[in-house]
Amino acid sequence: MLLLFRKDVRILRRSPALLGALLAYPVVIAVLVGLVAGYASSKPRVAFVDRDHIPPVVKVGGRTFHVQRIIDRVASNVTLVRLGPAEARRQLSSGKVVATITVPPGFVSKLASTVQTPSLVLRTGSGGLTPVVTEQAQALVYQLNRKLQDAFVRADLRYVRLIENGGSATLLGNHYDVLGLDRMRALLDSLPPSQRVAKMKQFVAFARFALGETGSALRATANPIGLEHPVTKGRSWVLSAQVQAYGIAVTVTFLALLLAAGAAAAEKDEGTIGRLGRGLVSLGQIVWAKVALAAAAGLALGATIAVVFGLVVEAGGVTGGEPWPRLPLLLAGVLLAAGAVGAGGVLLGALSREARTASLIAVLVVLPVVFLGLVPKAVAAPAAWISDALPFVHAVRFFGSALYDTSPWRTVGIEAAWLAGIGLVLGGLARAGMKRLAA
Amino acid sequence: MSDGVLLRAAGVARRYGDLEALAPTDLALHAGETVALVGPNGAGKSTLLSILAGALQPSSGRVEGGARVGWVPQRPAHYARLSARENLELFGRLEGVAEPGAAAARLLERFSLPPDKPSGDLSVGNRQRLNVALSLLGDPHVLLLDEPTASLDPGQRRRVWEVVNGVRGEGGAVCFATQNVEEVGEHSDRVLVLQDGRVVYAGEPSGYAEVAEEAFR
């Protein structure tokens, strides 16, 4: 097996154009996948239907709101497109927008009253993005509520102050003249002392104290838990742990699959499978020699990418830096993942029986394998199940955990077992395929 | 094995699904003899040689004999990006040759092969000679050749036959497939004519021509 492995390495080194393409192609694909994934996950298109004809400026609780500015600020995770009701319905059914948010008639007047809760109406399609869009719409309403809550608290406090201080007010269209606790206290002071007057004074004092705390209580009710968000120097998107794990997994998967498929089919192309199969080496040894080639090449590429990532992270002074002590664990995962993918590559090479066909089929196979691994389980569960049976997603989890989990051993152990199991199954199938190739 | 038989095929057959590439066939190769396999394309010659060489498993029947076997497949079988020397050394090691470097050097000289040029860049004739050289790495007692001279010029053919006849001269056995009538007459002791996967003639070279003509028609 070692002789075959060394022979394959020598042949690979003598094919610089092929080697260059094998290294460059997956890196380019990884970058493109990253860009597409980043774009796709950040900006779904959502229709905004204004059936209430919201004016540019709305007054709520005595505060002025510039509607468009607020919408722009809170809708940063979606692209809001203003559409009429009919057009929004049409675009939702055709999939041009993933959801519609409708402002029903009377929305602003209900909002301005500060005593009724108006509703926005969210309609989504039935596609896989529905849960994601629903979450983003909920986040949008949450953000709007946060902007409005101060105005609502202020409006509520105005009524509280009215009870405290007295005065005139209009509520739901009716005019009231309110005595107020302060004026009531003065009134009670002017009365001759008695047990009943004393009890009323005690009530007024207690009510005054309790209403004095209302402002804080209302703010606490509106915001039971606050979130402080001091800006620190964190990882930028392209340097995120997830991207690093995906980047290495995509490139190693591409390289290992194509290389192993091509190397296996080349034995048929060059007619050497028959010469080797005459008892010089077993078919199993041929399979594992190709798996070893894929694993070694994957290791070299994975190590290079990890080191380059690390240097960029260090040079950028990113918080936390690159976890260099975890590099050996990461590379052990890369070796295992490349071997498992390589076994699949040998299977493809054996089934396609010709190196060029094998390479083409490997490219056709590797893209869905990678994209299946990128589909969240919440969006399409069957995609996740299929992906679980393939090495890519386990490689991603292994790499991510090896690099950034505080205690990675459990995850790494589980994913290593998956990779080894998948590799053995694919290797067994590849051996059966090689028998067919040799015939 | 008795009666000087170095290699024996007993009822070997090969099917590919519904297609019978080789009907059950018996063939014994004796020490010091050369057997020619004659027949049109698709007659089963390559299949029979591949089974005898151990490169193809028969669907039924078996191959007996412990002699070392050298095999020259119809299409050159070596690594195009390795040189002739590297191919010979690699297969020498895989064959278990004691000194693969020395064995490779001997064969390079014997077949006048350029040692360090990638074998994919060699001429068709040189590639075929390398193909023959590879079959001699294990000092075989039985040599199986599938149209070994089809792409060689007359001088190269002569040199290949010198080597092949050398194996027979040392007490070995040779079995070769050919469509060349002259080679059958000059180099074979026995002829098998195959047609549609079946042996339609087995005997002296002097009597095969009429059957072969019918088979090729």
Side-chain angles (χ1 to χ4, degrees), chain A residues 1-22 259 262-290 293 297 349-350 353-356 359 431-439, chain B residues 14-17 19 21 46-47 49-59 63 66 68-83 85-97 100 116-121 127-128 130-131 133-135 137-138 140 142 144 146:
Chain A
M1 195 189 100
L2 192 63
L3 283 170
L4 286 183
F5 171 71
R6 281 165 50 191
K7 177 270 295 179
D8 283 333
V9 170
R10 185 180 289 178
I11 287 175
L12 191 60
R13 280 172 44 202
R14 288 184 185 169
S15 316
L18 174 69
L19 191 59
L22 276 174
L259 193 58
E267 297 287 0
K268 179 76 175 179
D269 271 3
E270 304 204 276
T272 45
I273 184 89
R275 209 183 269 288
L276 294 172
R278 292 180 51 228
L280 301 186
V281 290
S282 70
L283 292 177
Q285 285 175 312
I286 298 174
V287 169
W288 296 119
K290 308 304 174 197
L293 176 73
R353 303 170 69 93
E354 197 253 330
R356 273 179 293 188
S359 303
R431 195 197 165 285
M434 287 301 272
K435 201 170 176 182
R436 182 172 166 271
L437 191 70
Chain B
R14 177 74 196 191
R15 298 190 70 86
Y16 294 98
L19 176 71
S46 297
T47 303
L49 282 174
S50 298
I51 289 171
L52 287 169
L56 186 64
Q57 288 297 309
S59 304
V63 177
R68 287 194 301 273
V69 176
W71 178 49
V72 181
Q74 187 175 25
R75 222 186 76 197
H78 45 73
Y79 297 106
R81 290 201 182 268
L82 300 186
S83 68
R85 183 197 305 279
E86 288 167 335
N87 269 295
L88 287 164
E89 286 182 0
L90 170 67
F91 283 104
R93 286 194 176 88
L94 290 169
E95 291 268 10
V97 173
D116 298 319
K117 202 172 174 181
S119 60
D121 294 344
R127 268 185 265 171
Q128 181 60 3
L130 174 59
N131 201 27
L134 286 165
S135 71
L137 274 166
V142 175
L144 307 167
D146 196 347

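Proteins get letters first, then strands, A, B, ... in listed order; numbering begins at 1 in each. This is a predicted model, so every value here is computed, not measured.
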Handout entry: Residues A:Lys7 and B:Glu86 bridged, charged N to O under 4.0 Å
Key = no
Problem - A:Lys290 and its side-chain contact (heavy atoms from CB on, under 4.5 Å) partner, picked from A:Glu267, A:Met434, A:Gln285 - result: A:Glu267
Handout entry: Short N-O contact, B:Arg93 and B:Glu95, less than 4.0 angstrom
Key = no
Exercise for the section: Heavy-atom distances under 4.5 Å only: say whether B:Pro118 touches chain A with side chain, backbone, both or neither. Expected result: neither
Handout entry: Side chains of B:Ser83 and B:Asp116, donor plus acceptor under 3.5 Å
Key = no
Handout entry: Enclosure of B:Arg68 CZ (heavy-atom neighbours >12, cutoff 6.0 Å)
Key = yes
Fill in the blank from the handout: Looking only at B:Phe91, B:Tyr16, B:Trp71, B:Tyr79, most heavy-atom pairs under 4.5 Å shared with chain A are made by B:Tyr79
Practice task
Below 4.5 Å from any heavy atom of chain A, which atoms of B:Leu82 appear? Answer side chain, backbone, both or neither.
Solution key: both
Exercise for the section: Identify which part of B:Asn87 has an atom lying under 4.5 Å from any heavy atom of chain A, answering side chain, backbone, both or neither. Expected result: neither
Handout entry: Portion of A:Arg14 that has a non-hydrogen atom of chain B nearer than 4.5 angstrom
Key = both
